[in-house]
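Computed over heavy atoms, backbone and side chain alike; hydrogens, waters and symmetry mates excluded. Along the sequence shown, residues are numbered consecutively beginning with 1.
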Amino acid sequence: MKLVMQSFYVAVAVMLLVAPAALAGQREGAFTLSPLVGYHVFEGDQNTDDAASYGLAFGYNITKHWAVELDARYTPTETDFDGGDNYDIDVWTGSLNALYHFNPDGLFVPYLAAGFGGMVFEVDEGTGGRDDDEDFMLNAGAGFKYFFIDDLALRVDARYIADLHSDRNYDQGSGDDTDHNLIASAGLVWQFGGPPPAPAAEADSDMDGVPDSRDKCPGTPLGVAVDAVGCPPAPPKPTPAPEIKPVPVVPPPPDPCANDDDGDGVPNCRDKCPGTEKGIIVDEFGCPVKFNLQIEFDFNKAQIRPEYHAKLKEVAAFVNKYPDTKFLLAGHTDSKGTDQYNKALSERRAAAVKKYLVEEFGIAAHLLHPRGYGESRPIADNATDEGRQKNRRVEVICCIIIPEQ
């Protein structure tokens with residue numbers, strides 16, 4: 001074991017002192033061959049001496065990160081009894097493993113490995129073969145590869161091995177138990193086949209996109225555009241200034257938006273309703289503003305239905321758009337009940353709409369004028385339920401002359 005470790009340290013020192021000759025690392029599509037020398041440590045109750053181990057692994061790089069590998073190890077050892085005879089044992093370990101590589105393009109490439117396989121214990125013939133054993137095993141471990149040329153690297157590997165269902169007579173833990181082993185090894189890995197590594201990029205000292213071998217203008221400032229040989233293009237010849245001829249002065253045409261013939265505040269060029277009488281509220285196109293909203297009520301009720309809250313929000317928005325406009329809130333009823341009762345009910349309905357607009361939207365109270373008209377102005381037939389429902393209403397009317405009470 002001492003000689004194995006000394007050889008390992010010498011190999012590591014030699015590899016680290018050798019300067020890499022080219023780009024190295026895992027190569028996708030390449031096959032690998034790894035001769036390994038190491039040390040096999042057995043669990044104490046196996047009564048087996050720890051010993052040097054020799055191995056050979058053959059693999060394939062599926063990608064730069066992932067590889068599969070067949071691994072075979074041979075450990076010549078013997079039983080370990082304090083008294084009595086000891087027998088020679090040849091231990092063979094074979095497994096199929098998956099390897100995942102970190103930093104696959106670098107010189108130093110760590111990896112993880114895991115797989116399954118079998119262990120064979122061949123005991124010296126003096127036992128009559130009764131202690132020979134074949135077991136299923138699992139293994140997992142880690143290692144690294146250090147590339148010192150493209151196709152050759154130092155490899156160091158450590159594996160935990162679970163020997164399942166051991167039933168050897170000399171194994172004190174026998175009885176279909178699991179034995180725990182370790183194998184640490186070092187060696188070389190040679191990769192062959194697969195696509196060749198990409199050639200190194202040519203040097204471009206001034207970083208103008210033209211390699212130094214073709215650059216006829218080295219030292220071009222960064223960011224300056226260059227031609228195929230790395231030189232800035234010749235500046236273009238200045239273009240003579242065009243002859244400037246005086247432009248004749250043409251008086252501007254009359255402005256159609258300068259006049260407002262009907263005096264409604266909208267110039268003639270935008271007035272779609274010319275001739276509007278003075279004092280009439282108009283919109284941005286000079287046309288009279290009109291607003292009429294009808295709100296229905298339940299029988300003998302003056303409470304506003306929830307479905308009309310959105311409509312009253314539209315009223316509030318319209319009032320805020322024309323803050324100097326007066327609104328008539330005209331309350332009405334159906335024909336059921338006396339004239340006097342219906343007139344009072346219609347006034348309550350109109351007052352309820354005013355109260356809602358003032359309290360919910362902050363409308364100025366002096367702009368809202370509630371009036372009650374009782375059953376005197378039906379818009380539908382009071383002989384039917386549908387007609388009476390339509391007559392139970394408040395109309396919000398804009399931009400007319402508010403009648404005196």
Using residues 112-121 as the side-chain source, report each donor-acceptor pair under 3.5 Å to any protein atom, sequence neighbours left out, with the distance given to one decimal.
none

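- Across all their heavy atoms, G331 and A350 have their closest contact at N-CB, 4.0 Å.
- Between F31 and Y60, a ring centre-to-centre spacing shorter than 6.0 Å is recorded.
- Side-chain contact of N97 with N139: a donor-acceptor pair under 3.5 Å is present, judged by distance alone.
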*Decide yes or no on side-chain contact (heavy atoms from CB on, under 4.5 Å) for Y74 and D90, but give the supporting numbers first.*
CA-CA 7 Å; Y74 167 61; D90 291 333; 3.1 Å; yes

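- In this structure, a donor-acceptor pair under 3.5 Å is present between the side chains of T79 and N86.
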Side chains of residues 218-230: which donor-acceptor partners sit under 3.5 Å, not counting sequence neighbours?
from	atom 1	to	atom 2	distance (Å)
T220	OG1	C217	O	2.8
T220	OG1	G230	O	3.3
D227	OD1	V229	N	3.1
D227	OD1	G230	N	3.3
D227	OD1	C231	N	2.9

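- Side-chain contact check for V319 versus F327: some heavy-atom pair is nearer than 4.5 Å.
- D105 pairs by the salt bridge (charged side-chain N to carboxylate O under 4.0 Å, His left out) definition with K64, not counting sequence neighbours.
- Closest heavy-atom contact between A153 and K145: CB-CB, 4.3 Å.
- Residues L328 and K326 are not in side-chain contact: their nearest non-hydrogen atoms beyond the backbone lie 4.5 Å or more apart.
- Between the side chains of D212 and S205, a donor-acceptor pair is found at a separation under 3.5 Å.
- Looking at residues two or more places apart in sequence or on another chain, you find a side chain to side chain contact (heavy atoms under 4.5 Å, CB included) between L70 and L96.
- Residues satisfying the side chain to side chain contact (heavy atoms under 4.5 Å, CB included) criterion with D385, sequence neighbours excluded, are R388.
- Interatomic distance, Y146 OH to L107 CG, rounded to the nearest 0.5 Å: 5.5 Å.
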*Passes side-chain contact (heavy atoms from CB on, under 4.5 Å), N268 versus N259? Steps please.*
CA-CA 6 Å; N268 294 342; N259 299 320; 3.5 Å; yes

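- Take Y111 and apply the ring-ring contact (aromatic ring centres under 6.0 Å, His included) test, not counting sequence neighbours, and it matches H101.
- Counting only heavy atoms from C-beta outward, the side chains of L312 and E360 never approach each other to under 4.5 Å.
- For Y160, the ring-ring contact (aromatic ring centres under 6.0 Å, His included) partners at least two apart in sequence or on another chain are H180.
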*Could you please spell out the steps behind the side-chain contact (heavy atoms from CB on, under 4.5 Å) verdict for V315 and L357?*
CA-CA 8 Å; V315 174; L357 291 172; 3.9 Å; yes

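- Classification of the F58-F192 ring pair by plane angle, with boundaries at 30° and 60°, yields tilted.
- Minimum interatomic distance between A52 and P76 (heavy atoms only, all atoms of both residues): O-CD, 3.7 Å.
- Between V189 and L33 there is no side-chain heavy-atom pair separated by less than 4.5 Å.
- Side-chain contact check for Y54 versus L36: every heavy-atom pair is 4.5 Å or farther apart.
- Two residues are said to be in side-chain contact when any heavy atoms from C-beta on lie closer than 4.5 Å; R393 and I295 fail this criterion.
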*Take K390 and D334 through the test salt bridge (Lys or Arg N to Asp or Glu O under 4.0 Å) and record every step on the way to the result.*
CA-CA 8 Å; K390 291 182 178 180; D334 58 26; over 6 Å; no

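- Looking only at side-chain heavy atoms (C-beta outward), L56 and R73 stay at 4.5 Å or farther from each other.
- Shortest non-hydrogen contact noted between Y341 and R348 is OH-NH2, 3.9 Å.
- A donor-acceptor contact closer than 3.5 angstrom links the side chains of R155 and S34.
- No donor-acceptor distance shorter than 3.5 angstrom exists from the side chain of R392 to the backbone of K301, with no hydrogens or angles considered.
- In this structure T239 satisfies the side chain to side chain contact (heavy atoms under 4.5 Å, CB included) test with no other residue, sequence neighbours excluded.
- The distance from the CG atom of D163 to the CE atom of M137 is 9.0 Å, given to the nearest 0.5 Å.
- Atom CG of D80 and atom CG of D49 lie 4.5 Å apart (nearest 0.5 Å).
- Evaluation of the ring-ring contact (aromatic ring centres under 6.0 Å, His included) rule for F42 yields H40 as partners, not counting sequence neighbours.
- Inspection of the N181 and Q46 side chains reveals an N or O donor paired with an N or O acceptor under 3.5 Å.
- A salt bridge does not link E395 with K311: every distance from a Lys NZ or Arg NE/NH1/NH2 to an Asp or Glu carboxylate oxygen is 4.0 Å or more.
- For Q191 (side chain) and G29 (main-chain N/O), no donor-acceptor pair under 3.5 Å exists by modelled atom type.
- Rounded to the nearest 0.5 Å, atoms CG (L99) and CG (N61) are 9.0 Å apart.
- Checked by atom type and distance alone, the side chain of S185 never pairs as donor or acceptor with a backbone atom of G38 at under 3.5 Å.
- Residues passing the salt bridge (charged side-chain N to carboxylate O under 4.0 Å, His left out) test with E43: none are found, sequence neighbours excluded.
- Here Y100 pairs with H65, W66, F102 under the ring-ring contact (aromatic ring centres under 6.0 Å, His included) rule; sequence neighbours left out.
- Side chain of N391 to main chain of D381: no donor-acceptor pair is present (N/O by atom type, distance under 3.5 Å, no hydrogens or angles).
- Partners of S335 according to the side chain to side chain contact (heavy atoms under 4.5 Å, CB included) rule, which considers only residues two or more places apart in sequence or in another chain, are E375, N382.
- Going from atom CG of D157 over to atom CZ of F144 covers 10.0 Å, rounded to the nearest 0.5 Å.
- How far CD of Q26 is from CD1 of I62: 11.5 Å, rounded to the nearest 0.5 Å.
- Here the side chain of R377 pairs no donor or acceptor atom with the backbone of H332 at under 3.5 angstrom.
- Between the D151 side chain and the W190 main chain, no donor and acceptor come within less than 3.5 Å of each other.
- Between the side chain of T178 and the backbone N or O of L164, no donor-acceptor pair lies under 3.5 Å.
- Atom CD of E307 sits in a crowded spot, with more than 12 heavy atoms from other residues, nucleotides or ligands closer than 6.0 Å.
- Between the side chains of N342 and Y373, no donor-acceptor pair of N or O atoms lies under 3.5 Å.
- Between G187 and L154 the shortest heavy-atom distance is O-CD1, 3.5 Å.
- When side chains are defined from C-beta on, V123 counts as touching D132, because their heavy atoms get closer than 4.5 Å.
- Here the closest non-hydrogen pair linking G106 and F147 is O-CD1, 4.3 Å.
- Geometrically, K336 engages F299 in a cation-pi contact, judged by NZ or CZ lying under 6.0 Å from the ring centre and within 45° of the ring axis.
- With hydrogens and angles disregarded, no donor-acceptor distance shorter than 3.5 Å links the side chain of D215 to the backbone of P211.
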